[in-house]
Amino acid sequence: MNFNSLRIGNLEAKVPIIQGGMGIGISLSNLSGTVAKEGGIGIISTAQIGYMEDDFESNTLEANLRALKKHIEKAREIAPNGIIGINIMVATKHYEEHIKVAIESGINLIISGAGIPKNLPKLVKGYDVKIVPIVSSLKAAKLILKLWDTKYNVIPDAIVVEGPKAGGHLGFNKTELENVDNIRFDECVKDIINFKKEYEEKYKKHISIIPAGGIYDGNDIAKYLKMGADGVQMGTRFVATEECDAHKNFKMAYVNCKKENINIVKSPVGMPGRAIINPFIKKVKNEKEVIKKCYDCLIPCNPSTTDYCITKALIESAKGNVDSGLLFCGENAYKIKEISTVKNIINEVLREIENS
């Protein structure tokens, strides 16, 4: 099939792919910059982005904000004319400070989920920054559209519709995820495409719809483009690339995992997540970790009651200590058989779209 470039407001990406924001330390400047250079939209995860800064342990917030600025600048050096965005969880403590630094650093768009980004329009007012909420249901999409319309007289530039096959934290409960085939995700995408039309007519502005979760190849992408989506978001597929910012051991955990190794895990923040089952997951399932330091990362987390520190667990994995940390991944991680490059993956999926 023929496909159009992905437009989000006045931004135009020739490749209809947004690279998913993966933290901690998986999608930083190198991955996002390379995706943007190859014509997609590169996304930097803000989650504890300063974990490699010398003063991260003693000065966490300042280290994160400093690193965020650095990574946006580095990504821009890789892709001077590319589209660079950030992914930031609503549950992030110091959410507003991160948004402010990203805007001042020249970010093109902000993708925000793990909660309803109620105040995002207010935070970007006066700046040419595109705002993109993440939803997992028509109900959430309706809530955001009505809220932003009523309170701020604006609508999103795009909406990422994330399904139950995504990696990391998921917007579904445990029971739903145990019966994932009963979640009518494609119907949800269609419903949101149809519902948003009344707001597009009111504002004379297009809202791009971006399905996400479990999208692995060009055939998956073509399916959603034919459905009326504007593009897709892919995260897992870009992990096992030379350009991914994670340690090689993290990438090889994807290459070596089998379908039966991937399952839903309990997260300290009260949301289920999808990850590779490893010695760490087996250990914390039966033995509560002693929390020696709180990194003050997410609002819902209570260090006195949590089973383990999610910041520490994700940093361990990003650094390559894959048996001692949390390995978030999408449902299709087991399909990855080798470490490739961003360029090769994009070229491959584009050929598959054209031949579909």
Are there more than 12 heavy atoms of other residues, nucleotides or ligands under 6.0 Å from atom [atom1] of [X]?
X: Lys165; atom1: NZ; result: no
X: Tyr127; atom1: OH; result: no
X: Asp54; atom1: CG; result: no
X: Lys205; atom1: NZ; result: yes
X: Glu96; atom1: CD; result: no
X: Lys337; atom1: NZ; result: yes

Q. Can you tell which of Asn278, Ile277, Ile262 makes a side-chain contact (heavy atoms from CB on, under 4.5 Å) with Cys257?
A. Ile262
[X] side chain to [Y] side chain, donor-acceptor N/O pair below 3.5 angstrom:
X: Asn30; Y: Lys74; result: no
X: Asn344; Y: Thr341; result: yes
X: His206; Y: Asp230; result: yes
X: Thr92; Y: His98; result: no
X: Ser5; Y: Glu12; result: yes

With side chains defined as the heavy atoms from C-beta onward, is the minimum distance between [X] and [Y] less than 4.5 Å?
X: Glu176; Y: Pro164; answer: no
X: Ser267; Y: Ile310; answer: yes
X: Val90; Y: Ile116; answer: no
X: Tyr199; Y: Lys146; answer: yes
X: Leu6; Y: Val232; answer: no
X: Asn10; Y: Asp128; answer: yes
X: Asp149; Y: Lys202; answer: yes
X: Ser317; Y: Phe280; answer: no

(Q) Taking the cut-offs as 6.0 angstrom to the six-membered ring centre and 45 degrees off its axis, would you call Lys125 and Tyr152 a cation-pi pair? (A) no
(Q) Against the six-membered ring of Tyr216, is Lys335 placed for a cation-pi contact (under 6.0 Å from the centre, within 45° of the normal)? (A) yes
Hey, does the side chain of [X] reach the backbone of [Y] with a donor-acceptor pair shorter than 3.5 angstrom?
X: Lys251; Y: Cys244; result: yes
X: Glu200; Y: Ile207; result: yes
X: Arg76; Y: Gly82; result: yes
X: Ser45; Y: Asn87; result: no
X: Ser208; Y: Ala158; result: no

Co-membership, hydrophobic cluster, residues [X] and [Y], 4.5 Å side-chain:
X: Val265; Y: Tyr334; result: yes
X: Leu28; Y: Ile110; result: yes
X: Ile88; Y: Ile43; result: no
X: Ile193; Y: Val132; result: no
X: Ile84; Y: Ile26; result: yes

Indicate the atoms forming the closest heavy-atom contact of [X] with [Y], along with that distance.
X: Val154; Y: Tyr203; answer: N-OH, 3.5 Å
X: Ile276; Y: Ile281; answer: O-CG1, 4.1 Å
X: Phe3; Y: Pro16; answer: CE1-CD, 3.7 Å
X: Ser27; Y: Met22; answer: OG-N, 2.6 Å

Drop me the distance from [X]'s [atom1] to [Y]'s [atom2], to the nearest 0.5 angstrom.
X: Asn108; Y: Ile8; atom1: CG; atom2: CD1; answer: 10.0 Å
X: Lys70; Y: Glu53; atom1: NZ; atom2: CD; answer: 3.5 Å
X: Asp323; Y: Lys283; atom1: CG; atom2: NZ; answer: 11.5 Å
X: Asp186; Y: Met227; atom1: CG; atom2: CE; answer: 4.0 Å
X: Asn2; Y: Ile353; atom1: CG; atom2: CD1; answer: 11.0 Å
X: Ile41; Y: Ile210; atom1: CD1; atom2: CD1; answer: 7.0 Å

Do [X] and [Y] sit within salt-bridge range, that is, some charged N less than 4.0 Å from a carboxylate O?
X: Arg66; Y: Glu62; result: no
X: Arg237; Y: Asp217; result: no
X: Glu354; Y: Arg351; result: no

Q: Output, in order, the C-alpha distance, side-chain angles, deciding distance and verdict of side-chain contact (heavy atoms from CB on, under 4.5 Å) for Asn64 and Leu68.
A: CA-CA 6 Å; Asn64 282 334; Leu68 177 57; over 6 Å; no
